[in-house]
K.L.:
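Got a structure here, written out as structure tokens. Questions coming.
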Amino acid sequence: MSYKLFIPGPVAVSEKTLRAMAQPMIGHRSSDFVALYQSLQPGLQELFATRDPVYLSTSSAWGVMEGALRNVVRRKVLVCMNGAFSDKWHDVALRCGKAATALRFDWGRPVEPEAVRRKLATGGYDALTLIHNETSCGCMSDLAAIMAVVREFPEVVSIVDTVSSFSALPIPKDELGIDIILTGSQKALALPPGLSIFSVSKRALARAADTPDRGYYFDLLEFQRNHENGMTPSTPVIPLIYALQSKLDDIRTEGLAPRYERHARLNRTVRAWALARGFQLFPEERHGSVTLNCFANNLGYDLAALNKTLKTKHALVIDGGYGKLKGKTFRISNMGDETDTTIADLIASLDSALAETPRLAS
Ligand SMILES: Cc1ncc(COP(=O)(O)O)c(C=O)c1O
């Protein structure tokens, strides 16, 4: 059965992207690959607003999230936590044997710059992790304000996850002084999963050079060395790289400003619809994500029944809440290739499905 995904990743992949993936294979050490790899750099550097190289990792985002820790944490990392993915990042740091301090905020609350300053000021930190857009609860932190604080601590290398915000709003890496920025393919880029895209400052590369036990697969120095020859350290997922090339063409055609505006507009459309139906946004409105909306299930709908109706009668799926928020919230993505028409269709389907969805006794 085929149905359209409105979950916050993976999201729907266009026919054009799927066709791009079906091109004949090339050798990853061939001049054709070098040309393909190098053709992506200008578009990716523009999206990250960086002059640093952009690397391609054949892994999901977690590969680079873990690898970044192994490359730059020598003393202690401050892990900013306000949802499922940032909570897990702390666990991953501990599993890598790193000293990691948790800076916890309630799910749905943004990371507070002042709290970051207070923690870093206690000393001993040489890295910080931050998730710009906590997909699990639809909460977007103020990246510029947090990075302004981080820049006060020159020994702290910043690792920023823009997995579910990249390419949906401006994220100026160099201007903000972000050392390692990473994203995944299956979110706003609307590609299939399996590719992580990231960019690293010279400062972070220098730190990596002094850090033991970096391993091989995610060694930043290997990425840089291969990048200089237009290649990746190991055999990459070439079909996804073709898909990325096709997507960067789409982005160029649409233009960055219209792309950002489209994401913001469609996000507002979904939010306005739900608020008008009496749902509440789970995070405070001003901290709501622009790529998805996480709504409280304050009206007590049977979300499993809702999704069953959506899938069987309307051929689409939304998300019924992540982790401890399952059943208590629902999430609707507006990232990727969505348009006013597809979002209007989604809303019509939601209205129709809600009308036949039972409410659970509280
Ligand atoms: C903000 C954020 N970070 C990290 C991840 C992990 O990504 P992956 O499962 O592709 O490694 C996700 C996945 O949804 C995410 O939303």
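Counting starts at 1 for both ligands and their atoms, in listed order.
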K.L.:
Suppose we measure from atom 14 (O) of ligand 1 to each protein heavy atom; which comes out shortest, and what is that distance?
P.N.:
K187 NZ, 2.5 Å

K.L.:
Using heavy atoms and a threshold below 4.0 Å, how should the contact between M65 and ligand 1 be classified: side chain, backbone, both, or neither?
P.N.:
side chain

K.L.:
For L220, does its backbone N or O pair with a side-chain atom of N71 as donor and acceptor, under 3.5 Å?
P.N.:
yes

K.L.:
Using residues 100-113 as the side-chain source, report each donor-acceptor pair under 3.5 Å to any protein atom, sequence neighbours left out, with the distance given to one decimal.
P.N.:
{"unit_1": "T101", "atom_1": "OG1", "unit_2": "Y125", "atom_2": "OH", "d": "3.1"}
{"unit_1": "W107", "atom_1": "NE1", "unit_2": "D87", "atom_2": "OD2", "d": "3.0"}
{"unit_1": "R109", "atom_1": "NH1", "unit_2": "E284", "atom_2": "OE2", "d": "2.7"}

K.L.:
I'd like to check which ligand 1 atoms, numbered from 1 as shown, lie under 4.0 Å from a non-hydrogen atom of I131.
P.N.:
1 (C)

K.L.:
Going by the closest heavy atom to atom 16 (O) of ligand 1, which one wins out of L195, I7, L292, T135?
P.N.:
T135

K.L.:
Can you label the angle between the F295 ring and the W273 ring as parallel, tilted or perpendicular, going by 30° and 60°?
P.N.:
perpendicular

K.L.:
Taking 4.0 angstrom as the limit and counting only heavy atoms of A61, give me the atoms of ligand 1 inside it, by number and element.
P.N.:
7 (O), 8 (P), 10 (O), 11 (O)

K.L.:
With atoms numbered from 1 as shown, which atoms in ligand 1 lie under 4.0 angstrom from a non-hydrogen atom of N133?
P.N.:
1 (C)

K.L.:
Tell me if a side-chain donor or acceptor on D302 pairs with a main-chain N or O of L360 at a distance below 3.5 Å.
P.N.:
no

K.L.:
Among all protein heavy atoms, pick out the one at the shortest distance from atom 8 (P) of ligand 1; state its residue, atom name and that distance to 0.1 Å.
P.N.:
S60 OG, 3.5 Å

K.L.:
Heavy atom under 4.0 Å from ligand 1: found in F85's side chain, backbone, both, or neither?
P.N.:
side chain

K.L.:
Kindly write out the residues that satisfy salt bridge (Lys or Arg N to Asp or Glu O under 4.0 Å) with D351, not counting sequence neighbours, or none if the list is empty.
P.N.:
R277

K.L.:
Show the numbers, then the answer: is there a side chain to side chain contact (heavy atoms under 4.5 Å, CB included) between N267 and T291?
P.N.:
CA-CA 6 Å; N267 183 266; T291 55; 5.9 Å; no

K.L.:
Would you check the N or O atoms of W62, main chain and side chain alike, for any that come under 3.5 Å of an N or O of ligand 1?
P.N.:
yes

